Number of protein chains: 2
Amino acid sequence: MNAPLTLRDIARQAGVSLATVDRVLHNRPGVRPDTVRRVKDAMARSAFQPHAAASELARARSRRFAFVMPSGGNPFMQQIQAHLGELANWMAARRLSVDVLATDVFDAAVLAERLEDLVGRVDGVAVVALDHPSVRAAINDLVESGTKVVTLVSDVPSSRRHHYVGIDNIAAGRTAGALVGRFAGGRTGRVAIMAGSQSLRDHAERIFGFSQVMAAEFRQFEVLPVAEGHDEDDRSENLMRKLLAEHRDIVGLYNVGAGTAGVAKALTESGRAGETVFVGHDVTALTRKLLLSGVMDAAISQNPGHEARSAVRVLLALARGEALLSEQETIRIDIVMRDNLP
Amino acid sequence: MNAPLTLRDIARQAGVSLATVDRVLHNRPGVRPDTVRRVKDAMARSAFQPHAAASELARARSRRFAFVMPSGGNPFMQQIQAHLGELANWMAARRLSVDVLATDVFDAAVLAERLEDLVGRVDGVAVVALDHPSVRAAINDLVESGTKVVTLVSDVPSSRRHHYVGIDNIAAGRTAGALVGRFAGGRTGRVAIMAGSQSLRDHAERIFGFSQVMAAEFRQFEVLPVAEGHDEDDRSENLMRKLLAEHRDIVGLYNVGAGTAGVAKALTESGRAGETVFVGHDVTALTRKLLLSGVMDAAISQNPGHEARSAVRVLLALARGEALLSEQETIRIDIVMRDNLP
DNA sequence: CTGTTAGCGCTTTCAT
DNA sequence: ATGAAAGCGCTAACAG
């Protein structure tokens with residue numbers, strides 16, 4: 001068995017010095033094209049892979065990442081932060097640190113300013129982004145300055161962010177639609193949609209996907225106009241109560257965002273929890289309870305632990321200039337029912 | 001900002017040498033208890049974390065893992081192997097190599113012998129295991145000899161394997177039951193189960209979970225006796241054809257293992273594909289097609305890429321004596337429908 | 001029991 | 001344009 005090769009071996013094979021091989025390896029300038037080829041040939045011939053640990057050690061640089069996340073008590077965001085905390089040792093062993101910056105991400109100006117502040121101060125930024133021109137500009141400024149940027153949970157596709165860590169929300173909405181439609185079985189009646197706000201990109205996309213499926217595959221249901229509960233429990237509860245009172249034939253309910261506690265309360269108190277199909281998002285302490293008790297039938301979810309780790313891994317790989325394992329960094333749309341609760 | 005600490009800093013603080021700190025760090029013998037305390041204090045006081053890359057480099061050892069996988073064309077197993085292939089560069093950069101050993105894992109004697117052969121020859125083994133006394137003994141021998149062992153997809157819980165990479169098959173079966181039951185809506189009739197063999201631990205567990213849910217929540221269906229298609233397409237097709245002919249009121253079908261092509265063929269040719277709820281396992285080229293065409297309604301799946309990476313990561317962490325990120329290594333039970341196909 | 005020292009393989013000045 | 005040499009932080013002999 002051949003002992004693993006080192007840069008030194010390549011250097012010998014190519015008849016050059018260590019430093020030159022290193023230059024070629026990293027496409028650094030100042031090497032004669034002819035030499036470049038000799039070195040590249042040598043590397044190719046022996047399928048050379050630089051030793052990751054050695055290179056990591058030699059740079060011996062610590063890196064600082066910032067996570068810009070919504071202020072307020074959104075449980076899903078808190079889960080991401082908790083998982084970030086669990087990574088602390090892993091990151092420390094790699095000389096990484098992350099700061100979580102709680103910000104009013106729904107105010108474009110505030111968010112953009114927060115991001116601009118970070119220019120030149122960190123190696124990477126993960127941001128739960130509002131899709132707005134000034135936010136886009138701030139992201140582009142960061143990228144321009146050499147900072148690596150990933151959007152988290154909510155994307156700004158038109159920006160120059162390096163990567164998006166999150167799910168395809170249209171597909172998530174379609175999945176919710178398929179579940180509501182199929183779980184409602186042979187019945188007919190109305191289907192209600194409760195969202196935070198239709199002007200949130202992710203909510204709008206989910207609603208779009210949901211409606212698509214309802215229109216294409218489940219014509220027997222009449223989809224009610226979207227109610228906007230602003231992700232608040234009280235507001236959602238009131239709206240839901242009203243909807244239920246107004247329409248006695250609601251057979252399905254899709255809760256697009258947060259405010260789940262309110263929706264569940266209204267549904268339960270109406271006495272129709274058992275017979276109404278209820279699909280929502282995310283696995284939290286609350287939705288877990290609702291799934292177990294049968295009030296909720298399924299939760300569409302993106303794994304917060306995966307998102308936290310993926311964001312860190314991607315930022316690190318980008319900072320080091322390493323390749324991503326793209327399949328590993330794809331966030332999947334999880335369907336969670338009582339029986340496959342994680 | 002405090003520059004990251006090194007072993008040297010700890011040594012200075014504790015008033016000992018580098019080597020002593022290293023001994024304490026790794027709980028190596030030959031250090032006076034009192035000294036141990038001093039060093040540990042120093043490390044705790046400054047929340048010291050050794051630099052992973054440095055330690056990795058200093059050992060500069062390459063490691064060899066073996067994956068013992070079923071011979072034959074099981075597509076799910078082939079996917080795991082393909083994902084291992086995608087890890088090649090990642091592993092090379094860490095001086096890891098894996099050999100995939102195709103073996104008749106359904107023959108306990110052959111499998112056990114294969115495992116015994118590996119004693120002392122590799123640093124880690126991932127094995128798709130048959131739960132049988134001689135296999136258990138072989139696994140224990142490997143563990144005894146210092147080889148790290150993980151079971152993959154199919155567990156031998158009574159062995160001393162270090163870790164199991166796979167899903168909870170009882171929960172998977174329950175999930176399948178819930179889907180069949182709910183998708184079959186208000187109807188009544190019979191439900192068929194096609195398995196590879198009831199003596200395979202994972203199949204038995206899935207059937208158990210499935211039956212549990214049917215009995216507890218969906219009494220309106222009569223579950224037929226389990227048919228055993230040996231994971232072969234032809235055999236499964238014939239059995240399925242017979243079942244469908246015999247029972248005109250089959251409303252649901254759970255395919256526990258492979259042989260999906262045969263089952264689907266029989267179902268399609270019976271002309272009852274549309275009206276029969278069909279739930280199976282794993283996302284392959286075939287099940288993907290069946291989901292899209294509506295023949296299959298859902299696939300319960302364990303992510304083969306995740307399993308491949310997890311097995312490698314766990315073996316590596318075990319070999320290095322590092323901690324696992326347990327949440328990251330939990331393989332989830334994915335529910336895949338047409339709309340959330342990965 | 002404890003300390004000294006020579007690397008691990010790569011990166012990075014600083015010379016040439 | 002290229003090379004020589006000094007580390008990065010930890011591990012593992014080998015001395016004491």
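Scope of the values below: all heavy atoms of this structure, side chains included, with no hydrogens, waters or symmetry mates. Order of the sequence lines sets the chain letters (A, B, ...), proteins ahead of strands, with each chain counted from 1. Since the model is a prediction, treat every value here as computed from it, not as a measurement.
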For B/A58, all residues meeting side chain to side chain contact (heavy atoms under 4.5 Å, CB included), sequence neighbours excluded: none

When you measure from the side-chain N and O atoms of A/S17 to the phosphate of D/dT2, is any distance below 4.0 Å, counting only OP1 and OP2? no

Candidate list B/R95, B/R61, B/K148, test salt bridge (charged side-chain N to carboxylate O under 4.0 Å, His left out), partner B/D123, passing option: B/R61

Rounding to an integer number of Å, can you tell me how far B/R8 CZ sits from D/dC8 P? 8 Å

Spacing of A/R12 atom CZ relative to D/dA4 atom P, expressed in whole Å: 13 Å

With nearest nucleotide decided by heavy atoms, which residue, A/Q49 or B/G30, maps closer to the 5′ end of DNA chain C? B/G30

Give a yes or no answer on whether the side chain of B/H162 reaches the backbone of B/V149 with a donor-acceptor pair at less than 3.5 Å. yes

Testing D/dC8, C/dG3, C/dT11 for proximity to the side chain of A/R59, the answer is C/dT11

Closest nucleotide among D/dG9, C/dC1, D/dA4 to the B/H51 side chain: D/dG9

In terms of side-chain heavy atoms of A/T6, which of D/dC10, C/dC10, D/dA12 is nearest? C/dC10

Taking only the side-chain heavy atoms of B/V31 (C-beta and beyond), determine which of C/dC10, D/dC10, C/dT2 contains the nearest atom. C/dT2

How close or far is atom P of C/dA6 from atom CG of B/D22, stated in whole angstroms? 18 Å

Between atom CG in B/L7 and atom C1' in C/dC8, what is the gap in whole Å? 15 Å

To the nearest angstrom, how far is B/L18 atom CG from D/dG9 atom C1'? 9 Å

Does B/R313 offer a backbone N or O that forms a donor-acceptor pair with the side chain of B/E329 under 3.5 Å? no

Whole-Å distance separating the CG atom of B/L25 from the C1' atom of D/dA12: 14 Å

Tell me the interatomic distance from A/I10, atom CD1, to C/dC10, atom P, rounded to whole angstroms. 9 Å

Of the candidates C/dG9, C/dT13, D/dT11, the side chain of A/R23 sits closest to C/dT13

Between A/E56 and A/R320, does any NZ, NE, NH1 or NH2 come within less than 4.0 Å of an OD or OE carboxylate oxygen? yes

Please confirm whether the backbone N or O of B/R28 pairs with a side-chain atom of B/H26, one donor and one acceptor, at under 3.5 Å? no

Just call it for A/R28: base, sugar-phosphate, or nothing, with non-hydrogen atoms closer than 4.0 Å on any strand. sugar-phosphate

Nucleotide nearest A/A19 (side chain, heavy atoms from C-beta), chosen from D/dA1, C/dT12, D/dG9: C/dT12

Starting the side chain at C-beta, find the nucleotide from C/dT11, D/dC10, D/dT11 nearest to A/A58. C/dT11

Could you pull out all residues at least two apart from B/N89 that satisfy side chain to side chain contact (heavy atoms under 4.5 Å, CB included)? A/Q49

Check the distance between C/dT11's C1' and A/L57's CG and give it to me in whole angstrom. 10 Å

Phosphate OP1/OP2 of D/dG3 contacted by A/T20 side-chain N/O (<4.0 Å): yes

Check for a donor-acceptor pair, side chain of B/S55 on one end and backbone N or O of B/H51 on the other, with a separation under 3.5 Å. no

Under 4.0 Å from any atom of DNA chain D, heavy atoms only: list the residues of residues 33-47 of chain B that qualify, in numerical order. none

